[in-house]
Amino acid sequence: MTDQPEQSGQSDQNPVCRRLVGRTAVITGAGSGIGLATARRLASEGAHVVCADISEGAGKAAAEEVGGLFVQVDVTDAEQVEALFKTAYDTYGSVDIAFNNAGISPPEDDSILTTGLDAWKRVQEVNLTSVYLCCKAAIPYMQRQGKGSIINTASFVARMGAATSQISYTASKGGVLAMSRELGVQFAREGIRVNALCPGPVNTPLLKELFAKDPERAARRLVHVPVGRFAEPEEIAAAVAFLASDDSSFVNAADFLVDGGIAGAYVTPL
């Protein structure tokens with residue numbers, strides 16, 4: 001019998017593995033897209049999931065679905081971020097996993113020639129400063145435990161340049177990548193691993209919005225993906241679950257690409 005390749009891109013919604021039983025995972029941007037898929041995946045592997053989102057409706061719905069805890073938070077506010085991780089610890093007794101995933105990609109962020117300073121600053125605050133704040137808040141809990149896994153959402157654009165630029169987004173993700181690497185090195189001897197997850201284009205509401213507003217620009221992205229499609233959120237969530245678990249115990253300070261081969265391609269297949 002010949003094995004058939006998977007066509008849908010959907011990962012198993014009910015994985016047999018239970019690698020995260022009893023661990024506490026804090027996920028920012030948990031209300032939709034990659035964050036929501038990851039909340040489902042980590043909960044299915046046994047984790048206590050703290051769903052953090054600026055949207056009360058989306059965040060509450062995610063937490064209710066996975067049997068977790070919702071915390072409304074503006075990830076650019078240091079006090080709110082500190083309260084998020086304190087709430088996780090006070091509720092479940094540990095902070096084992098921090099998936100710092102919240103981010104934005106507004107249309108005002110474009111070429112450096114047209115992107116205004118306000119748009120630049122807003123993207124940097126949400127995409128980069130928030131990761132700094134979340135890491136700063138999470139690490140002391142992990143130090144006391146002597147273990148922990150931090151996964152920061154960067155992007156394949158942190159590794160590659162694009163002619164269709166989103167200059168602040170690209171710069172922010174490059175910052176996430178460099179910061180994750182340094183933190184992974186700094187805290188490795190304390191049992192804390194820090195990795196940057198670098199997804200390729202993912203079939204999320206953010207991408208669908210791009211398709212709706214500028215189909216030509218979105219199509220230019222798809223043509224560069226060797227596998228011929230965008231990732232599904234569940235595929236990225238599976239990578240997060242791996243990085244969160246002991247299966248990745250020797251993966252640290254890495255830029256973990258889940259990009260369908262984009263970064264490895266010179267030309268794409270016909």
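As the structure is a computational prediction, the values presented were derived from the model and not from experiment.
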Take Glu82 and Leu133 through the test side chain to side chain contact (heavy atoms under 4.5 Å, CB included) and record every step on the way to the result.
-> CA-CA 8 Å; Glu82 289 173 6; Leu133 292 173; over 6 Å; no
Do NZ/NE/NH1/NH2 and the carboxylate oxygens of Glu125 and Lys121 come within less than 4.0 Å?
-> no
For Thr28 and Asn101, indicate whether the former's side chain and the latter's backbone hold a donor-acceptor pair under 3.5 Å.
-> yes
Ser248 pairs by side chain to side chain contact (heavy atoms under 4.5 Å, CB included) with which of Val251, Asp246, Asn252?
-> Val251
Can you measure from CG (Asn152) to SG (Cys198) and round to the nearest 0.5 angstrom?
-> 10.0 Å
With rounding to the nearest 0.5 Å, note down the distance linking CG in Leu69 to OH in Tyr92.
-> 5.0 Å
Pairwise distance OG1(Thr170) to CG(Asp109) - rounded to 0.5 angstrom = 7.5 Å
Could you state the interatomic distance from CZ (Arg193) to CG (Leu183), rounded to the nearest 0.5 Å?
-> 14.0 Å
Non-hydrogen side-chain atoms of Phe187 and Val194 separated by less than 4.5 Å | no
Taking atom CZ of Arg122 and atom CG of Asn127, what is their separation to the nearest 0.5 Å?
-> 9.5 Å
What distance do Asp74 atom CG and Ile54 atom CD1 have between them, rounded to the nearest 0.5 Å?
-> 4.5 Å
Indicate the ring-plane relationship of Phe242 and Phe256, choosing parallel, tilted or perpendicular according to the 30° and 60° boundaries.
-> tilted
From Val50, Leu42, Asn100, residue fulfilling side chain to side chain contact (heavy atoms under 4.5 Å, CB included) relative to Ile27 = Leu42
Verify the cluster assignment for Leu20 and Ile34: are they in a single hydrophobic cluster under the rule of side-chain heavy atoms below 4.5 Å apart?
-> yes
Quick one: do the Gln166 and Ser105 side chains pair a donor with an acceptor below 3.5 Å?
-> yes
Can Thr76 and Thr129 be counted as having a side-chain donor-acceptor contact under 3.5 angstrom?
-> no
Thr268, Asp259, Ile262 screened by side chain to side chain contact (heavy atoms under 4.5 Å, CB included) with Val225, the one that passes | Ile262
